[in-house]
Number of protein chains: 2
Amino acid sequence: MSAPTLKLKQKRSQERREKIVAAATRLFGDRGIAQTSLTDVAQAAGIPLPSLYDYFKDKQDLVATVPEENYLALYNLLADPPEEGAADPRQQLRAIYLGNFAYIRDNPDWGRVFFLEIWPSVAVAEGRIRKAVDRYALRYVDLVRHAIASGDYRRQLDPYLAMSLLMGGMCHLTAVWLLYGRPYDLVEKGRALFDTLEVSFLAKGDVKTRARRSRKSR
Amino acid sequence: MSAPTLKLKQKRSQERREKIVAAATRLFGDRGIAQTSLTDVAQAAGIPLPSLYDYFKDKQDLVATVPEENYLALYNLLADPPEEGAADPRQQLRAIYLGNFAYIRDNPDWGRVFFLEIWPSVAVAEGRIRKAVDRYALRYVDLVRHAIASGDYRRQLDPYLAMSLLMGGMCHLTAVWLLYGRPYDLVEKGRALFDTLEVSFLAKGDVKTRARRSRKSR
DNA sequence: GAAAAAATTCGAAGAACATTCGAAATTTGT
DNA sequence: ACAAATTTCGAATGTTCTTCGAATTTTTTC
């Protein structure tokens with residue numbers, strides 16, 4: 001029976017599900033969601049077409065799964081190492097932002113689906129995806145707030161505006177990077193973007209106070 | 001016969017075409033392109049389904065037409081009034097950027113299709129759409145270059161990076177605005193975004209030199 | 001360790017949608 | 001008025017999404 005993902009599988013036929021998601025991520029990223037038929041996905045995953053419906057309610061469900069699944073990996077990746085620099089929100093924001101670019105660079109398929117197909121897109125209005133994206137965006141809002149509280153960033157800076165600039169810049173940069181065949185180092189550009197952007201975030205008088213950012217570099 | 005848009009219509013049944021585009025813009029913006037069937041478009045336009053193919057090669061062709069058609073209007077709107085401030089690239093950039101937001105505010109359907117459905121999206125890779133978008137983006141690159149040349153903006157500022165920030169911010173802001181039901185004045189937010197962003201564009205020593213921006217205000 | 005219960009798989013069939021064809025209707029040119 | 005060109009759309013086709021349920025496999029129970 002076509003059982004939605006409501007009840008988890010009880011065996012390692014979990015692998016099939018993963019195969020499907022992997023195939024879908026690749027194909028969606030390649031040609032776009034609309035141009036990818038479930039027949040293609042099934043074939044690429046080596047699974048009969050109707051069986052897809054044993055793992056996903058419908059195509060939209062599969063689409064929503066792609067960013068969800070990767071979001072977890074990304075979130076964990078970026079959530080872990082706040083220990084060492086926990087006291088420096090500005091440093092943390094920078095690390096997370098660049099980590100984000102690195103993740104995109106290392107998972108371009110996912111990046112393509114997420115930044116070119118799903119977000120922004122009306123799909124993001126769908127509850128499940130919206131939730132993930134919001135949580136993601138609020139993380140940045142939070143970090144900016146901390147940086148303001150610590151005195152690094154201007155007190156008048158609107159954290160939501162700052163988030164829009166960070167996310168929007170990342171989205172645009174990634175989109176261009178992907179569309180033009182990944183011609184340059186995305187993380188490098190991301191760093192330049194962040195540094196440019198941060199100039200407008202910083203508290204004026206504080207420029208030198210916190211200018212000891214080059215320790216360890218990367 | 002199903003004649004692609006190759007040869008223009010020789011009568012005012014041009015109106016039908018416009019009806020279709022209008023209906024498509026509204027429906028695509030409402031529910032998204034994938035969730036809108038040509039049957040819906042045909043019904044909304046009051047035209048039998050197969051007749052759509054007398055005006056558009058296929059669905060993708062209709063999709064591409066939406067941004068194309070509006071792009072012209074926007075482009076003309078923003079290209080006209082450079083006369084008065086032609087000498088001040090910084091002022092011109094600001095005016096065009098805000099004019100852009102105003103156009104989105106006044107044509108939210110188009111904004112939705114363009115910023116949530118088409119750009120960014122792999123659709124943008126398609127020749128026709130790419131061309132329009134590129135021309136659009138390069139306009140900003142150009143304006144930034146002028147502002148650099150005039151000494152308003154930092155000499156080290158990468159015009160492409162600046163464009164990414166401008167476009168990305170606009171895209172994100174618009175997306176949020178649309179998705180959350182247009183809760184605030186988009187142009188106002190756009191202005192705040194621009195002013196925040198511009199801080200990082202400006203030449204350092206020049207802060208006071210060119211600070212006479214308040215004449216006549218907006 | 002076999003029978004019952006539960007979960008899993010997928011072939012066959014149906015529904016929704018995009019797209020094509022070409023004959024009828026209309027307009028244009030002479 | 002008549003022929004040529006153009007426009008319109010009903011009927012038919014092909015593709016893709018989705019459902020149904022019987023056959024198969026795995027898990028549980030005694």
Side-chain angles (χ1 to χ4, degrees), chain A residues 1-28 30-66 113 117-118 122-123 126, chain B residues 1-21 23-25 27-28 30-66 113 117-118 122-123 126:
Chain A
M1 282 263 181
S2 44
T5 359
L6 298 176
K7 36 182 80 168
L8 299 179
K9 271 70 214 164
Q10 314 189 314
K11 294 181 301 161
R12 320 100 255 126
S13 61
Q14 200 78 10
E15 296 172 2
R16 292 184 104 208
R17 198 189 123 99
E18 277 160 27
K19 264 190 189 172
I20 296 170
V21 174
T25 303
R26 188 157 38 79
L27 290 176
F28 287 166
D30 247 29
R31 343 172 178 169
I33 292 171
Q35 286 71 46
T36 303
S37 72
L38 291 186
T39 308
D40 296 334
V41 176
Q43 185 162 30
I47 282 173
L49 169 60
S51 294
L52 293 196
Y53 287 85
D54 296 327
Y55 304 95
F56 305 95
K57 190 176 141 288
D58 52 23
K59 189 178 181 179
Q60 179 62 22
D61 185 31
L62 174 57
V63 168
T65 300
V66 173
V113 176
E117 286 285 329
I118 293 191
V122 283
E126 202 224 344
Chain B
M1 282 264 182
S2 44
T5 358
L6 298 176
K7 38 182 79 169
L8 300 179
K9 271 69 212 164
Q10 314 189 309
K11 293 180 302 161
R12 319 100 255 131
S13 61
Q14 199 79 9
E15 296 171 3
R16 291 184 104 207
R17 198 190 123 101
E18 277 159 27
K19 264 190 190 171
I20 296 170
V21 174
T25 303
L27 290 176
F28 288 165
D30 247 29
R31 343 172 179 166
I33 293 170
Q35 287 70 45
T36 303
S37 72
L38 291 187
T39 308
D40 297 333
V41 175
Q43 186 163 29
I47 282 173
L49 169 59
S51 294
L52 293 196
Y53 287 85
D54 296 329
Y55 304 95
F56 305 94
K57 191 175 141 290
D58 52 23
K59 188 176 182 180
Q60 179 62 22
D61 185 31
L62 174 57
V63 168
T65 300
V66 174
V113 176
E117 286 285 329
I118 293 192
V122 284
E126 201 224 344

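In the text below, chain A, chain B and the rest are named by the order of the sequence lines, each starting its count at 1. In what follows, every heavy atom counts, from backbone to side chain, and hydrogens, waters and symmetry copies are set aside.
- Residue Phe56(B) holds its CZ atom at 10.5 Å from CG of Leu38(B), rounded to the nearest 0.5 Å.
- Within the nucleic acid shown, Pro50(B) comes within 4.0 Å of at least one base atom, counting heavy atoms only.
- Residue Leu38(A) has its side chain nearest to dT18(D) when only dG11(C), dA18(C), dT18(D) are considered.
- Between Asp58(B) atom CG and dT13(D) atom P the separation is 22 Å, expressed in whole Å.
- One can place CG of Leu62(A) at 10 Å from P of dC17(D), the figure rounded to the nearest angstrom.
- Rounding to the nearest 0.5 angstrom, the gap separating the CD1 atom in Ile33(B) from the CD1 atom in Ile33(A) is 11.5 Å.
- Separating the CG atom of Leu49(A) from the P atom of dG14(C) is a distance of 17 Å, rounded to the nearest angstrom.
- Using a 4.0 Å cut-off between charged side-chain N and carboxylate O, Asp40(B) and Arg31(B) make a salt bridge.
- Leu52(B) places its CG atom 16 Å from the P atom of dT7(D), with the value rounded to the nearest Å.
- A distance of 4.5 Å separates CZ in Arg16(A) from CD1 in Ile47(A), rounded to the nearest 0.5 Å.
- Separating the CZ atom of Phe56(B) from the P atom of dA18(C) is a distance of 14 Å, rounded to the nearest angstrom.
- If you take CZ of Arg31(B) and C1' of dC17(C), they are 14 Å apart, rounded to a whole angstrom.
- When distances run from any side-chain atom of Ser37(B) to the nucleotides dT19(D), dT8(D), dA18(C), the shortest one goes to dA18(C).
- OP1 or OP2 of dT8(D) lies within a sub-4.0 Å distance of a side-chain N or O belonging to Tyr55(B).
- The distance from atom CZ of Arg16(A) to atom C1' of dT9(C) is 6 Å, rounded to the nearest whole Å.
- If you take CG of Asp54(A) and P of dA23(D), they are 17 Å apart, rounded to a whole angstrom.
- Listed nucleotides dC10(C), dT19(C), dC9(D) differ in distance to Ser51(B); the shortest reach to its side chain belongs to dC9(D).
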